[in-house]
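A quick write-up on the structure given underneath.
Side chains included, hydrogens not; waters and symmetry mates left out as well; all remaining heavy atoms used. Quick note on labels: first sequence line is chain A, next is B, and so on, each numbered from 1.
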There are 2 protein chains.
Amino acid sequence: MASNAMFAEVAALAGDPARAGMLQALMDGRALTASELARIAGITPQTASGHLARLTTAGLLAVEQQGRHRYHRLASPAVAQMMESIMLVASPPEPARRKFTIGPRDAALRAARTCYDHLAGRLGVALADALVAGGQVELAKDGGLMTDAGVALLRQLGIDVDPMVRRSTSARGRVLCRPCLDWSERRPHLAGAVGAALCSLSLANGWIRRIDGTRAVAVTPKGERSYRELFGICGGEVAH
Amino acid sequence: MASNAMFAEVAALAGDPARAGMLQALMDGRALTASELARIAGITPQTASGHLARLTTAGLLAVEQQGRHRYHRLASPAVAQMMESIMLVASPPEPARRKFTIGPRDAALRAARTCYDHLAGRLGVALADALVAGGQVELAKDGGLMTDAGVALLRQLGIDVDPMVRRSTSARGRVLCRPCLDWSERRPHLAGAVGAALCSLSLANGWIRRIDGTRAVAVTPKGERSYRELFGICGGEVAH
DNA sequence: CAGATATTTCGGCCATTGCCGAAGCGTCTC
DNA sequence: GAGACGCTTCGGCAATGGCCGAAATATCTG
């Protein structure tokens with residue numbers, strides 16, 4: 001069966017430590033150069049070049065040439081979702097996790113990070129919890145739904161909800177969102193169009209800023225204030 | 001970063017052709033013995049034993065001992081979702097796919113198969129299309145919603161919808177479902193609790209039956225009649 | 001045009017690991 | 001209890017593939 005060989009090839013590509021590191025670094029949705037990815041993965045540029053070529057021809061990455069730089073990014077949201085689902089399976093169960101949670105970089109990732117186009121980590125989960133507690137969002141295992149109050153909040157924040165609104169038959173006016181099981185918190189955060197909108201809004205408003213070359217983000221003082229006022233999230237909840 | 005090593009380990013486990021074959025064979029949610037899996041993967045039992053041990057200690061598989069047989073199954077729905085998301089990335093784009101679509105086994109899988117706990121392939125997509133066309137379901141990229149007519153249909157079919165119904169605030173009475181991008185059709189089919197209920201109902205009513213040791217299913221004459229009468233799906237649509 | 005930087009190609013070394021044959025250990029059956 | 005069957009462990013072979021150094025190519029800068 002040909003699809004089996006293709007499956008194994010894709011999984012094996014993601015299964016090398018160096019390539020896995022590069023793919024994870026690209027999980028924030030941005031495009032990085034080969035040299036940056038080589039440094040992140042801890043290998044020499046020539047080795048990285050080979051890896052990146054294989055990832056690109058397999059359709060996992062897309063490249064964009066700008067002068068002497070070649071910017072690599074994940075080829076599609078499907079790749080990002082694959083990465084997230086592997087992370088979920090790979091994240092060890094609670095008891096065994098304590099001894100792994102040590103490095104400062106790991107701690108920053110667990111506190112707040114971007115998950116391709118939306119927020120994850122303690123911040124992402126706290127945001128989802130706050131919206132559920134406030135009656136703006138309903139999250140189930142199979143899906144999520146913005147309430148009228150939730151849609152009103154999005155409008156108040158200046159988010160254009162029109163493209164998200166269902167207009168047909170009985171679900172008129174409803175906005176659907178997607179729950180995404182957080183691999184570090186093991187509880188759902190908000191994904192989909194609504195999650196992406198909240199994430200880009202947070203970045204645009206300076207509530208969060210990206211940390212160096214990882215996909216971790218830091219909550220700014222301004223962000224702490226806004227999150228507290230708008231959603232009732234207390235800073236300590238996220239800062240740990 | 002420890003999570004990186006765990007990630008690569010999981011992906012590498014799925015990235016071996018023999019192990020990938022075994023994992024795919026388990027995608028129908030049933031439990032198989034080591035010998036069966038060895039035969040499916042085309043390797044000797046002692047080699048399979050080693051693979052299965054590694055998959056189990058990594059948390060991808062769960063084993064259940066019954067006498068001298070050891071039944072292996074996917075450890076969790078999260079593993080099934082990981083497999084599905086890898087398949088989606090691994091499925092080649094439309095133009096390049098033609099030359100791979102040859103084997104009869106492959107053809108059967110593309111016609112109708114189970115995807116862990118729900119239906120996929122042309123049958124699964126046709127079912128979703130029919131429900132959307134009939135106004136019983138609304139599917140968006142981020143989620144799906146049963147309409148009143150859809151809930152009524154589920155009740156008529158004898159499906160207990162009570163555990164699925166949202167009871168809080170503004171979404172009172174709504175039933176959420178999950179769209180799942182079909183890796184062979186590249187269009188969404190129905191997953192989540194609703195999809196699982198329809199699949200188990202189809203099996204229980206004899207509308208479909210499993211084919212040998214794969215996760216492909218065949219639509220029975222009775223099934224063709226039922227699908228046509230209940231959902232308006234014409235048999236040729238699925239049989240190709 | 002010369003030097004610096006980013007990236008790729010080539011060649012060879014070495015570790016990992018998938019594979020099977022042989023043998024050992026439980027479990028079921030007669 | 002003897003034999004059959006399912007599964008696992010052990011040992012050794014062979015191939016895959018990741019890695020780097022050296023060198024070539026392309027682009028930008030002065």
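The separation between Leu55(B) atom CG and dG18(C) atom P is 10 Å, rounded to whole Å. We find that CD of Glu9(B) is positioned 14 Å from P of dT16(C), with the value rounded to whole Å. Taking atom CD1 on Ile43(A) and atom P on dG18(D), their separation rounds to 10 Å, with Å as the unit. Following rounding to the nearest Å, Asp16(B) (CG) and dT16(D) (P) show an atom-to-atom distance of 13 Å. Atom CE of Met22(A) and atom C1' of dC19(D) are 12 Å apart (whole Å).
A side-chain donor from one of Ser91(A) and Arg186(A) sits under 3.5 Å from a side-chain acceptor of the other.
Phosphate proximity of dG18(C) to Arg19(B): present, with a side-chain N or O under 4.0 Å from OP1 or OP2.
Residues meeting the side-chain hydrogen bond (donor to acceptor under 3.5 Å, both in side chains) test with Arg73(A), sequence neighbours left out: none.
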Atom pairs and distances, donor-acceptor, side-chain atoms in residues 34-45 of chain A, under 3.5 Å, two or more places apart:
residue: Glu36(A); atom: OE1; partner: Thr33(A); partner atom: N; Å: 2.9
residue: Glu36(A); atom: OE1; partner: Thr33(A); partner atom: OG1; Å: 3.2
residue: Thr44(A); atom: OG1; partner: Gln46(A); partner atom: OE1; Å: 3.3
residue: Thr44(A); atom: OG1; partner: Thr47(A); partner atom: OG1; Å: 3.1

A correct 5'-to-3' footprint of nucleotides 3-9 of chain C, with B, S and - meaning base, sugar-phosphate only and no protein heavy atom under 4.0 Å, is -BBSSBB
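Distances were taken from every side-chain heavy atom of Arg54(B) (C-beta onward) to each of dC19(C), dC19(D), dT17(C); the shortest belongs to dT17(C).
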Let me see the working for Val79(B) and Leu61(B) under side-chain contact (heavy atoms from CB on, under 4.5 Å), right down to the final yes or no. CA-CA 8 Å; Val79(B) 178; Leu61(B) 296 186; 5.9 Å; no
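Residues Met22(B) and Leu52(B) form a side-chain contact, since some pair of their non-hydrogen atoms from C-beta on lies under 4.5 Å apart.
What you find for Pro188(A) and Leu181(A) is that their closest heavy atoms are N-CD1, 3.8 Å.
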